[in-house]
There are 2 protein chains.
Amino acid sequence: MVKRENSKVTIYDVAREAGVSKTSVSRYLGGRYDELSDKTRKKIELAINKMEYRPSTMARGLKSNKSYLIGIIVADINNPYTTAILRGAEDICSQNGYNLMICNSDNNPVKERGYFEMLLSHRIDGLIIHTTGGNHDMLKQMQDQKTPIILLDRKVPDLEIDTVGLDNFQATSQAVNYLVNQNYERIAFFSEPASKVSTRYERRLSFQQTLLSHGHPSSKDVYEVNVDDLNDVDSKLQHFLDDSEGKARVILTANSVVLLKLILLLQEKKLSVPKDLAMIGFDNPEWSTIVYSGITTIEQPTYQIGVAAMEMILRRIDGNESPAQTMAYQAKLNIRQTTPYIQK
Amino acid sequence: MVKRENSKVTIYDVAREAGVSKTSVSRYLGGRYDELSDKTRKKIELAINKMEYRPSTMARGLKSNKSYLIGIIVADINNPYTTAILRGAEDICSQNGYNLMICNSDNNPVKERGYFEMLLSHRIDGLIIHTTGGNHDMLKQMQDQKTPIILLDRKVPDLEIDTVGLDNFQATSQAVNYLVNQNYERIAFFSEPASKVSTRYERRLSFQQTLLSHGHPSSKDVYEVNVDDLNDVDSKLQHFLDDSEGKARVILTANSVVLLKLILLLQEKKLSVPKDLAMIGFDNPEWSTIVYSGITTIEQPTYQIGVAAMEMILRRIDGNESPAQTMAYQAKLNIRQTTPYIQK
DNA sequence: GCGAATTTTGGTACCGGTTCCATTTTTATA
DNA sequence: TATAAAAATGGAACCGGTACCAAAATTCGC
């Protein structure tokens with residue numbers, strides 16, 4: 001471990017160069033120009049530019065008890081949903097002088113816990129989290145420390161926390177109503193296991209309720225699949241295919257990851273969409289426009305959700321103490337080629 | 001701006017609770033147990049657990065001049081290439097007690113510059129950058145401050161910096177050789193504007209050189225398109241289509257973004273792939289397996305590249321001062337359905 | 001031109017850790 | 001048991017900023 005020479009300029013160096021005290025430099029940095037004579041201000045400005053000085057966020061944060069860091073833990077950075085959210089969040093974040101620490105839990109509560117610890121150590125000013133649902137105690141701990149938290153997409157029980165996400169009931173029932181009107185006789189819902197993920201649970205529940213309200217027979221056609229095990233997905237898919245043989249049928253997927261796996265399997269089985277089976281999916285990945293000449297999707301305003309989450313946490317950091325609120329965005333149904341109208 | 005009560009536990013609180021000095025607690029935190037009696041160690045351990053104490057990375061870094069932060073500036077977080085790299089980098093990063101600050105420049109030098117400033121302020125211990133090529137001076141400045149830098153994928157001229165990426169010459173010539181052997185008469189290369197991006201330039205150059213070495217007539221079939229302007233892409237595509245009418249032809253795209261746009265246009269034009277036109281593309285997005293029953297791709301070991309970049313920067317942070325080196329990974333050609341053999 | 005009010009400036013403590021060094025306590029040796 | 005060596009411990013300075021308060025310099029009114 002070689003000792004690395006430290007060539008970084010400090011506030012003291014600048015003060016010396018400008019021939020003033022470091023208090024004055026600090027005033028300059030804080031933009032408190034009314035406490036500075038023009039002459040002093042110019043001298044400092046010159047010194048800073050000459051020395052390419054940049055104040056250390058660490059040192060600054062120590063005294064002021066702020067890190068200017070906002071943490072975001074996402075469940076799956078490979079998911080286009082996630083990256084769209086990140087863009088929205090980041091734009092607002094840097095516009096306001098904060099910086100984003102992005103963490104990817106991979107839907108793994110153990111990894112998530114590690115990031116919690118880490119972000120706590122960094123004394124982040126706020127946390128946005130797309131939670132696995134497995135670290136309830138950590139959320140509580142962070143809340144006890146008065147660090148604002150925003151839940152993204154997935155709710156947690158028992159804690160009063162702001163939530164930003166999709167209106168899953170509206171989104172799902174809109175889609176199901178559409179499918180019923182298109183005269184599908186069998187409508188299946190394929191999702192990853194709901195376990196502790198509220199979104200999946202809400203979508204499934206709404207799926208069943210909407211079908212029941214129509215007196216439709218499919219409210220039992222619900223499948224939970226493990227997307228990391230293609231055999232599992234295959235057997236569930238085959239079950240539905242056998243069970244609905246000869247009927248006008250459609251699969252609704254709870255996210256684009258499930259959609260992708262199902263399409264992969266359908267192609268292996270040489271089944272054609274929408275002839276043998278219709279498809280519709282939550283999320284609107286870029287490829288949904290080019291597969292099967294366009295897949296019908298339920299699109300979330302992802303960028304806007306990221307923006308809203310960040311705006312909300314900034315308000316909290318700024319001292320807003322109103323009761324926890326929930327923002328539910330409306331989905332947009334993109335009707336494309338994979339859900340044609342069925343003649344009775 | 002409401003004053004937020006600070007309920008965070010400090011080293012002093014722990015020391016008081018344990019009835020020892022904060023020096024001893026610091027020894028405990030640093031794992032220097034041989035300087036501590038068993039009794040003291042136990043008392044501290046107890047106090048830390050009881051109070052849920054977490055040392056502040058900021059405070060720690062101030063004295064030790066380390067932030068335990070590694071910055072990574074990526075050009076496009078929506079690109080699957082990017083997220084795969086991020087996963088590799090992150091895994092190694094957190095295994096080594098460092099944390100990653102992910103920044104998305106959106107291929108915009110102005111945004112990139114802002115992130116440079118920010119990361120410099122945070123006193124990051126190292127930087128991995130997929131650069132737009134527009135902030136040469138900032139790279140220089142960071143280098144002057146002895147902050148290790150690794151270039152990802154894209155090189156910059158005149159600076160001695162470690163580089164990790166694909167062997168673009170091997171990758172491109174492998175693909176071109178394959179296409180020539182498949183008997184394509186016209187082979188077009190579609191890329192975003194090379195400008196300051198070395199990767200694009202190298203792929204184009206290698207494309208032309210390989211064709212010339214075969215005496216193939218297509219070395220002029222090079223198109224630069226602006227992917228944010230679909231009309232531009234359309235006109236270039238149409239030009240190639242008209243120009244190669246009736247010939248066995250194929251398009252090689254320099255990345256998956258270009259590939260996606262072209263497919264979109266081909267579907268609008270009702271052209272079928274590979275019958276009317278064959279396709280092959282750099283990168284291997286998840287959807288490449290399901291479009292046209294599988295698109296032939298040139299796959300990079302993305303995860304491995306992310307791992308290698310992070311490992312290299314950790315070595316640099318650790319004091320390795322050997323001359324700047326370049327790591328070029330081999331690509332893998334995934335032969336699928338969109339590049340059939342052409343009978344002469 | 002002088003005292004008071006105002007503006008400008010700098011000294012110093014502090015934030016939460018680490019590190020150096022001196023002091024105290026324990027252990028080993030004679 | 002006394003003494004030296006080793007182990008354990010704590011006090012204080014320091015890292016690079018900010019903030020409070022007192023001192024110095026300037027401006028103002030008469």
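By convention in this document, chain letters (A, B, ...) are assigned in the order of the sequence lines, proteins followed by strands, and residues within each chain are numbered from 1.
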statement: To the nearest angstrom, the NZ-P distance between B:Lys22 and D:dG11 comes to 11 Å

task: Side chain of B:Ser24 only, please: which of C:dT18, C:dT8, D:dT9 is the nearest?
output: D:dT9

message: In whole Å, I'd like the distance from the NZ atom of B:Lys63 to the P atom of D:dA12.
response: 16 Å

query: B:Ser37 has a side chain; which of D:dA8, C:dG17, D:dG16 sits nearest to it?
result: D:dA8

message: Please find the pair of heavy atoms, one from B:Thr132 and one from B:Ser105, that lie closest to each other, and give the distance.
response: CG2-OG, 3.7 Å

message: Among C:dT9, D:dC15, D:dA12, which nucleotide has an atom closest to any side-chain atom of B:Thr23?
response: D:dA12

query: For D:dG17, does either OP1 or OP2 sit under 4.0 Å from a side-chain N or O belonging to A:Tyr53?
result: yes

message: Does this structure show an ion pair linking A:Arg16 with A:Asp13, if we count only N-O contacts that are shorter than 4.0 Å?
response: yes

message: Rounding to an integer number of Å, can you tell me how far A:Tyr33 OH sits from C:dT9 C1'?
response: 18 Å

Residue-phosphate contact under 4.0 Å: A:Ser21 side-chain N/O, C:dG10 OP1/OP2: yes

- prompt: Just how far, in rounded Å, is P of D:dA19 from NZ of A:Lys66?
  reply: 12 Å

query: Rounded to whole angstrom units, what separation is found between the CZ atom of B:Arg60 and the P atom of C:dG17?
result: 8 Å

- prompt: Under 4.0 angstrom, heavy atoms only, what part of the nucleic acid is A:Val20 near: base, sugar-phosphate, or nothing?
  reply: sugar-phosphate

task: In whole angstrom, give the distance that lies between atom NZ of A:Lys39 and atom P of D:dT26.
output: 7 Å

message: Can you see whether B:Thr82 engages B:Asp76 through a side-chain donor-acceptor pair at a distance of less than 3.5 angstrom?
response: no

field: Base C:dG16 paired with A:Arg123 side chain (donor-acceptor, <3.5 Å)
entry: no

query: Between the base of D:dA19 and the side chain of A:Ser26, is there any donor-acceptor pair under 3.5 Å?
result: no

message: Should the side chain of B:Thr10 and the base of C:dG17 be counted as holding a donor-acceptor pair, with the cut-off at 3.5 Å?
response: no

- prompt: Side-chain donor-acceptor pair under 3.5 Å between B:Arg54 and A:Gln141, yes or no?
  reply: yes

task: May I ask you to decide whether B:Asp106 forms a salt bridge with A:Arg87, counting only side-chain N to carboxylate O separations under 4.0 Å?
output: yes

task: Can you tell me the distance, in whole Å, between the CZ atom of A:Arg27 and the P atom of D:dG16?
output: 21 Å

- request: Assign each of B:Thr40 and B:Leu62 to its nearest nucleotide of DNA chain D by heavy atoms, then name whichever residue's nucleotide is nearer the 5' end.
  value: B:Thr40

Distance in angstrom units between A:Asn65 CG and D:dG17 P, rounded: 18 Å

query: Can you find a donor-acceptor pair, distance only, under 3.5 Å between B:Ser64 side chain and C:dG17 base?
result: no

